[in-house]
Amino acid sequence: MSATTPRVGVITFPGSLDDRDALRAVETMGGAGIPLWHADADLHEVDAVVLPGGFSYGDYLRCGAIARFARVMDEVRGFAARGGPVLGICNGFQILCESGLLPGALIRNASLRFVCRPVHLRVERSDSAVTRDLVAGEVLEIPVKHGEGQFVARPDELALLEDEGLVVFRYASQGGEVDAAHNPNGAVAGIAGVCNRAGNVVGLMPHPEHAVDPDVGPVGGQPLFSSLLAAAMARV
Amino acid sequence: MVAIEEPLHRQLGLHDDELEQIRGTLGREPNRAELAMYAAMWSEHCSYKSSKVHLRTLPTEGPSVLVGPGQDAGAVDVGDGLAVVFKMESHSHPSAIEPYQGAATGVGGIVRDIISMGARPVALLDPLRFGPLTEARNRYLLAGVVAGIGGYGNCIGVPTVGGEISFAAPHSANPAVNVMCVGIAPADRLVTAESLTVHEGSLMVLYGAPTGRDGIGGVSVLASATLEEGSGAARPSVQIGDPFAGKLLIEASLEMVERGLLEGLQDLGGAGLSCAVSESAARAGMGAALQLDHVPLREAGMEPFEILTSESQERMLAIVSPERLGEVQEVCERWGLVSTVIATLEPGRTLRVEMGAEIVAEIPAPSLVDEAPEYERPMTPIEAAANDDPTFVPYHGDLRDAFVAVLGSPNVASKRWVFEQYDSIVQGQTVESAGGDAAIVRIPGTLKAMALSTDGKGRFGHLDPYLGAAHAVAEAARNVAVTGGTPLAITNCMNFGNPERPEVMWQFAESIRGMCDACLAFETPVTGGNVSFYNESGDSAIWPTPIIGMLGLLQDHRLRVRAGFPTPGLRIYLLGETLPELGGSEFAEVLLGSIAGRPPALDLDRERELHEMLQAAAHDDLLASAHDCGDGGLAVALAESAIAGAQGFAVTVPGDLPSHVALFSESASRAVVSVVPERAGELEELAARHEIPCTPIGETGGPRAVLDGLFETTVDELRDVYEGAIPRLLGEAP
Amino acid sequence: MTAYSFEVLVSLKPGLSDPQGRAVEGSLPALGWTNVADVRVGTHIRFTVDAADEPAARAQVAQMAERLLSNPVIEDYRIIGEPSL
Amino acid sequence: MTAYSFEVLVSLKPGLSDPQGRAVEGSLPALGWTNVADVRVGTHIRFTVDAADEPAARAQVAQMAERLLSNPVIEDYRIIGEPSL
Ligand SMILES: Nc1ncnc2c1ncn2[C@@H]1O[C@H](COP(=O)(O)OP(=O)(O)O)[C@@H](O)[C@H]1O
Ligand SMILES: [Mg+2]
């Protein structure tokens, strides 16, 4: 591994499930995947952090409610404040919202059922940590799998979020149309992913780590990881 | 209902002569705790006392079998130093009482069987049986069971990649909920009875959830007797699953196995601590001293017999040498699991249980494990009714309507509503999940993949239990073969009524005979399974329901064959021969209201020849698609290939059978394949070499589905019927 | 007709394992709360009922709690009328 | 020290969509209840706190509700002391 391979840390919380998958995706896309442990007070000098999918603490009480108090989250907060790229996937997104690092919250799907299927996402901005290799308006195919992925925000918060352009991805048709028929969970305004004001912290419900290997699914996650690696590279 | 005046042993489900045997073994009167331990361990569910004599006849050996029946799960060598570990189990009785928790804890239980072999669980499949969805209670049960399987499986990070569901009236009172779990381990690291390295002074460490009054008498009460109306008395046995703890158990257990910290490992399932401790001691050929005071309890004031037979979920028992105890406890703590030393292995064969200063039980461990009674229960054949075969009933209805009705029948229609509630992709190895013929899951670090299928043939088994079981094995193997995989071995779950009724026992024996013959023909040994009796209410039993879980292997997952027509312009062939066989068919049930006649014949050699031909074709990358003909016959196979590939077809139905018979006969040993025109000759030659009838029937392409001279429709209409049927029945479709 | 407000609190029957409660309880010490015990997590349903009088409304709420809002196989419920919220 | 019992009732803020509440409300008419409105489903957490006195206990419960038991971005909470159950 060359000295310039970006190091991407993937945090394992008790109940994380897609942590190995995220590490594999990082490696597939040319990065060095570094396992991080929830109880550690150390990010091991990584250049980017991924909070993976799963059911941390069983999703008991609320998704992400308990994991946000993990010791490692103090480090993640500091890393994010210094501009470090942070990606939260599914449960990782929920943890970032619970931590206040991202706006909004995620509640039960409108159907009240878990849903696992490929969806299409429209890229809304090309300057976040995971979309710098993309252009706004592009459509990616990536699977979702969640029971509590309905993005919600108070009306005032939602208006602010839209005004500031913090929406990174929306559920859409293959042609890029955002409508109820292509929204798997009832998310307000079709919101699938958001970022913070600086654009370095991004969360999304779909699973890009399950969309890099063409043998087992679509490949819409590849540009997200290549963008994340580029953002990490900028810090090497 | 059990009368209050019944003596204790009978209340616990022990017969008088079983009590006599216990007195003989102990040389004295058993006390309450001892009686409870025997009752649990000798229950039908734990001891297989009614089924053992029949199970013994099954073929269990083969060159690739590493572990056969008799342990927590079977194991098969798949090369590259790896073993696939798999097993199926029923959780039907608990699911009938509380569908969500019953199904969820069923998943937890079978997953722990796989862990206890030292294997990482990598796939789940869920064969289910319900009553018709026109009844509100059946819809409630379906929704609850599916949510429960997803609720547990999704939360522990094991993908649910397949399963099957069918609906029949006899399952209204008794749904069948079976779950199969598949794991992978290095072959030389399997934890088995043979790998036990215990010695005097080895410690038994209980870790996981605390013990409560869960399912006390669960095995004996729930799964070893008929559920009476209301089932009120069984309610305290309902258990709440904790998938979060289940996930922690997977990680902590596998870390301990990988680091070589353990001498043995055992899950806690039926009969709880009684089973885990006595089995571990008996397998080691030793005795044990068990201290109940050290068992972490969830509730105050638990009696010894309650602690001994509690079936609290999410617990495991590790056997550890004293030098490794510190490391074992450190692993548990890091994963947030409570662990305590509860027992020590001792010389002799006695299991001694202490609480406070008192000895509350003292039993020879082997008497619990190996000396349960065995019964050769009486059997009475059920005569098949004569002259009611639907094959020869003239059909004057509209064939297009019949096609739509069969395709939209809940047994045939898409189960997307169900399988989209399951995480089928976690772990990143799922090449194909539910919706195809067999699920395809890669074996990490190799080009190989497992091809997994579960099958049962309800109506066939009802009409002829021998043929029903044989067809189930054949279909499971065919599902593997159409993907290009080689069937390796099976596990099974035998779901039946009350074995004390001679008709049920006969159905069981016939099913075993059918399974046995088919497994011999396909050289797919039986590596394990589970028997679920007493699936009946009043005097109405479920249909005999042997469910087969087939493990197949693909040498190169990139060569696997899909079910859908991928492109236009392909030649479509029917492999195999359609005979006039509508007995027990979907068509007969849906259009004629008939569940009668003889199921299709099954020529096991011919079936095997078809599998070998399909494997050879896949190996040469000859097929554009392959899909077996099952429920709904040729018509449904064509529709499913068209829907899956979003390609229409124009087909001429071959042969001179009446059209409805040709379309809907469920003759065995058939598949619909497609091939690029340039290679059609190769396919025909290959078929000829295998002596498989190979009939060109049409071409793929366009938006329409044309059955030449009969009728036509569109792929869009077929998709709407197929995908919409179950959501419409559940009141959720537009 | 008057609109009466009710709340129904649903919790797992005593004796049944409550994984959620256990997980929440387990997380508290790390947050500095070491003096909390017996955590049980349940559901809480709030709604209004149009009825002629309070007893009629309450009778209906009991029926609703029994048949729909709780699962009597594993849960108990409790009704609170007119919440202050 | 005394053990004080508390319940914390957590519900989604008014104005936010409540999928569970909507599902319950939607299923009522089929069961014959057409006079129910404004159904909201939330969480209900019960526990005991060891404290020197009731105000101390209550102050801690408020902190717990604020930091862990509810998500202030989308939820409100209410504390009930010493439930009658
Ligand atoms: N139908 C069957 N066919 C073959 N073996 C079976 C069958 N049913 C049970 N067995 C075997 O009997 C043993 C005991 O089964 P079971 O009690 O379900 O396992 P466990 O003790 O792990 O729960 C297992 O090894 C199982 O594979
Ligand atoms: Mg077992």
Side-chain angles (χ1 to χ4, degrees), chain A residues 56-70 73-74 93-115 146-161 166 180 183-191 194 196 203, chain D residues 4-31 33 36-49 57-81 83 85:
Chain A
S56 59
Y57 295 93
D59 276 0
Y60 295 150
L61 196 60
R62 286 185 316 281
C63 306
I66 300 178
R68 84 163 172 107
F69 293 105
M73 287 305 293
D74 293 339
F93 183 17
Q94 293 160 341
I95 296 170
L96 291 174
C97 289
E98 281 280 338
S99 306
L101 286 167
L102 288 176
L106 295 139
I107 64 169
R108 287 281 289 274
N109 295 348
S111 67
L112 299 184
R113 292 195 299 270
F114 190 95
V115 57
H146 57 244
E148 307 195 26
Q150 177 176 184
F151 185 85
V152 293
R154 291 190 315 268
D156 53 323
E157 203 186 6
L158 183 65
L160 199 65
L161 200 143
L166 302 187
N183 185 332
N185 54 36
V188 62
I191 295 174
V194 299
N196 64 353
Chain D
Y4 296 92
S5 297
F6 286 93
E7 287 181 285
V8 177
L9 307 190
V10 180
S11 44
L12 282 168
K13 282 188 194 294
L16 286 175
S17 101
D18 173 5
Q20 286 174 280
R22 201 165 51 237
V24 170
E25 201 161 320
S27 64
L28 291 167
L31 300 173
W33 295 305
V36 180
D38 301 327
V39 182
R40 307 286 285 178
V41 176
T43 322
H44 149 229
I45 306 111
R46 207 173 62 194
F47 50 89
T48 64
V49 178
R58 190 171 283 269
Q60 176 180 332
V61 174
Q63 270 200 8
M64 288 170 59
E66 195 82 44
R67 285 188 62 202
L68 175 69
L69 303 179
S70 78
N71 175 357
V73 174
I74 50 164
E75 291 172 330
D76 293 323
Y77 68 86
R78 190 167 108 239
I79 299 171
I80 313 184
L85 199 80

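Numbers restart at 1 for each chain; the letters A, B, ... are given by sequence-line order, proteins then strands. No experiment lies behind these values; they were computed from the predicted model shown.
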Open item on the list: For the residue pair E75(D) / T43(D), report whether a side-chain donor-acceptor contact shorter than 3.5 Å exists.
Closed with: no
Task: Y4(D) side, atom OH; T48(D) side, atom OG1 - distance, nearest 0.5 Å - done: 12.0 Å
Go through the atoms of [X] and report whether side chain, backbone, both or neither lie under 4.5 Å from a heavy atom of chain A.
| X | value |
| --- | --- |
| I45(D) | side chain |
| L16(D) | side chain |
| R22(D) | side chain |

Task: Side-chain heavy-atom pair H146(A), N185(A) within 4.5 angstrom cut-off - done: yes
Task: salt bridge (Lys or Arg N to Asp or Glu O under 4.0 Å) involving R108(A) - partner list, sequence neighbours excluded - done: none
